[in-house]
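Here's the structure we're looking at; comments come further down.
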Amino acid sequence: MDILANLIGGFASALSPENLLFCFIGVTVGTFVGVLPGIGSMIGISILLPMTFYLSPEAALVMLAGIYYGGEYGGSISSILINLPGSASSAVTSIEGYQMTRQGRAPVALFITAIASFLGGTIGIVLLTAFSPILADLSLRFGPADYFSIMVLGLLASTTMTQGAVLKSCASVVLGVMFGTIGTDINTGVQRFTFGTMELFDGISIIIIAMGVFGIAEILATVMSGDHMSVKANVRLRDMLPTRDDRRRSAMPILRGGLLGSLLGALPATGPTIASFLAYTLEKRVSRRPEAFGTGIIEGVTAPEAANSAAAQTAFVPTLTLGIPGSATMALILGALLIHGIPAGPRLITDHGDMFWALVASFWIGNVLLLVLNIPLVGIWIRFLSIPYRLLYPGIICLICVGVYSVKLTSLDILIVLGIGLLGYAMRLVNISGAPLLMGFILGPMLEENMRRALLMSRGDLTTFVTEPISATVLGATALLMLWSGVRAFRQRRV
């Protein structure tokens, strides 16, 4: 009853003209910066952060939160249409979404993405509303050994994300991990594989990897093959509606993706990107036709989109209740709170309950606004595909260069993204997917960091990974996954 009363009070505040206006501004800006390759919600928040100096704490937080989860949705649009992830969390959506576009089903893919994001976000909000203290306590229970085990499971799962030989997927993962080692070792301060280049001291940005492996490589592949898509200029509502079979096959993936994303979003070391990759892998594992993945199967779109939307909502749990931002974007939002003199931590809900529940209520409102805003825009997004390729692709490359340059303001990043793009194209020629590479790049540094931290805390005792209950459970699940994969491969060979 207390939660219901608090939520009603939160809606009363969130529906005020000021908060409603800035919620709309947030989700609108978030959608459009998410669509732009390499820009993303972090840069959108950075640009509008000075504006929050003149707003109330509630309005500022509502707007910045809207940019964050609006950007997570917007990134899927360019992933589906042109195989160019607007954000890292939407990279996995391009595996199936772009294939649907090539089959002439882009309107359906965009429509079902909007629905999946809304429902996934709703699941995340419900769990955030009802179980914030429990989720915060769960976050505190995870130690370095537990995070290490989760990363091991994620790396193993990523090798089965795409079609093709497992060894090729493993090679892609290893390559991603190698790219992740470039930069400064956070434990010793030693420069690794930087060749004395100051611009590489902070490592390679994930934007560069995603834009190169997916964006530049896709442009090169399409130009070389001459396989240009034809689209309908006018899209009617019935063109966007999924079939009965689509709806049936999307229901459980949305539920599973929403629940998985809600859990992973509440953990400081994970977030929407890992949630979307693992949701895709889970769907491929539980599917009765895993061989269809990679051909434009709708479960591969709905599950990751539901997961990253749910994770974007519950990512506020560690940030607000523990003061632990799980990403650079959440760190900016935490900074906005500090600007207004509001310290994040366990007492935030008690001391600033009105603001917290107004934010939670704004999540509901923002998700509805995203749904209302983006379904009518499906036809406009589709029209971009009718632009002649001789004009579309140079424009995309310019956007990629601007987005990459804006991260660290160095021209070396532009050269690196072009080099990564050539590598991604070469990988395509030998049938190696870029998705495991991106997963390895994300998880590799986190795997190393948590392994070294766990060993420091245990004084070098390797048994810490199997004596910690959560870590042992996750490693047990990893072992079962490996065993099941081996048995399945053996049976397929015998057949």
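This is a predicted model, so every value here is computed, not measured.
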Counting C-beta onward and ignoring hydrogens, is there a side-chain heavy-atom pair between [X] and [Y] closer than 4.5 Å?
X      : Y      : result
Ile274 : Met446 : yes
Met100 : Ile80  : no
Leu447 : Leu443 : no
Leu175 : Leu423 : yes
Asp413 : Glu199 : no
Val213 : Leu438 : no
Phe465 : Leu455 : yes
Leu64  : Tyr68  : no

Nearest heavy-atom neighbours spanning [X] and [Y]:
X      : Y      : value
Gln313 : Gly124 : CB-C, 4.3 Å
Ile298 : Ser250 : CG2-OG, 3.7 Å
Gly257 : Ala279 : CA-CB, 4.4 Å
Ala217 : Tyr425 : CB-N, 3.6 Å
Ile432 : Ser172 : CG2-CB, 3.8 Å
Gly180 : Pro445 : O-CG, 3.5 Å

Apply side-chain contact (heavy atoms from CB on, under 4.5 Å) to Leu255 and list each qualifying residue two or more places apart in sequence or on a separate chain. Ile123, Met252, Leu259
Taken in chain and number order and not counting sequence neighbours, the residues that satisfy side-chain contact (heavy atoms from CB on, under 4.5 Å) with Ser411 are none
Can you list the steps and then say if Arg453 with Asn450 is a side chain to side chain contact (heavy atoms under 4.5 Å, CB included)? CA-CA 5 Å; Arg453 189 178 298 166; Asn450 285 288; 4.2 Å; yes
So, taking the atom named [atom1] in [X] and the one named [atom2] in [Y], what distance separates them when rounded to the nearest 0.5 Å?
X      : Y      : atom1 : atom2 : result
Phe179 : Phe193 : CZ    : CZ    : 11.5 Å
Ile416 : Thr410 : CD1   : OG1   : 7.5 Å
Ile112 : Ile254 : CD1   : CD1   : 5.5 Å
Ile420 : Ile216 : CD1   : CD1   : 11.0 Å
Ser309 : Asn367 : OG    : CG    : 7.0 Å
Leu456 : Thr464 : CG    : OG1   : 11.5 Å

Run the side chain to side chain contact (heavy atoms under 4.5 Å, CB included) test on Val474 and Phe148 for me, step by step, so that the C-alpha distance in whole Å, both residues' side-chain angles and the decisive distance to 0.1 Å come before the verdict. CA-CA 10 Å; Val474 176; Phe148 168 81; over 6 Å; no
How far apart are the C-alpha atoms of Thr122 and Phe118, what are their side-chain angles, what is the distance that settles it, and do they pass the side chain to side chain contact (heavy atoms under 4.5 Å, CB included) test? CA-CA 6 Å; Thr122 300; Phe118 172 75; 4.0 Å; yes
Can you check side chain to side chain contact (heavy atoms under 4.5 Å, CB included) on Thr295 and Arg289, steps first, answer last? CA-CA 11 Å; Thr295 62; Arg289 46 175 192 160; over 6 Å; no
Ring geometry between Phe316 and Phe363 (parallel below 30°, tilted from 30 to 60°, perpendicular above 60°): tilted
Looking only at atom types and distance, does a side-chain atom of Thr281 sit under 3.5 Å from a main-chain N or O of Phe277, one as donor and one as acceptor? yes
Hey, is the main chain of Lys284 close enough, under 3.5 Å, to the side chain of Ser287 for a donor-acceptor pair? no
Residue from Thr197, Thr184, Asp185 passing side-chain hydrogen bond (donor to acceptor under 3.5 Å, both in side chains) with Gln191: Thr184
With no hydrogens and no angle check, do the side chains of Tyr280 and Glu96 hold a donor and an acceptor under 3.5 Å apart? yes
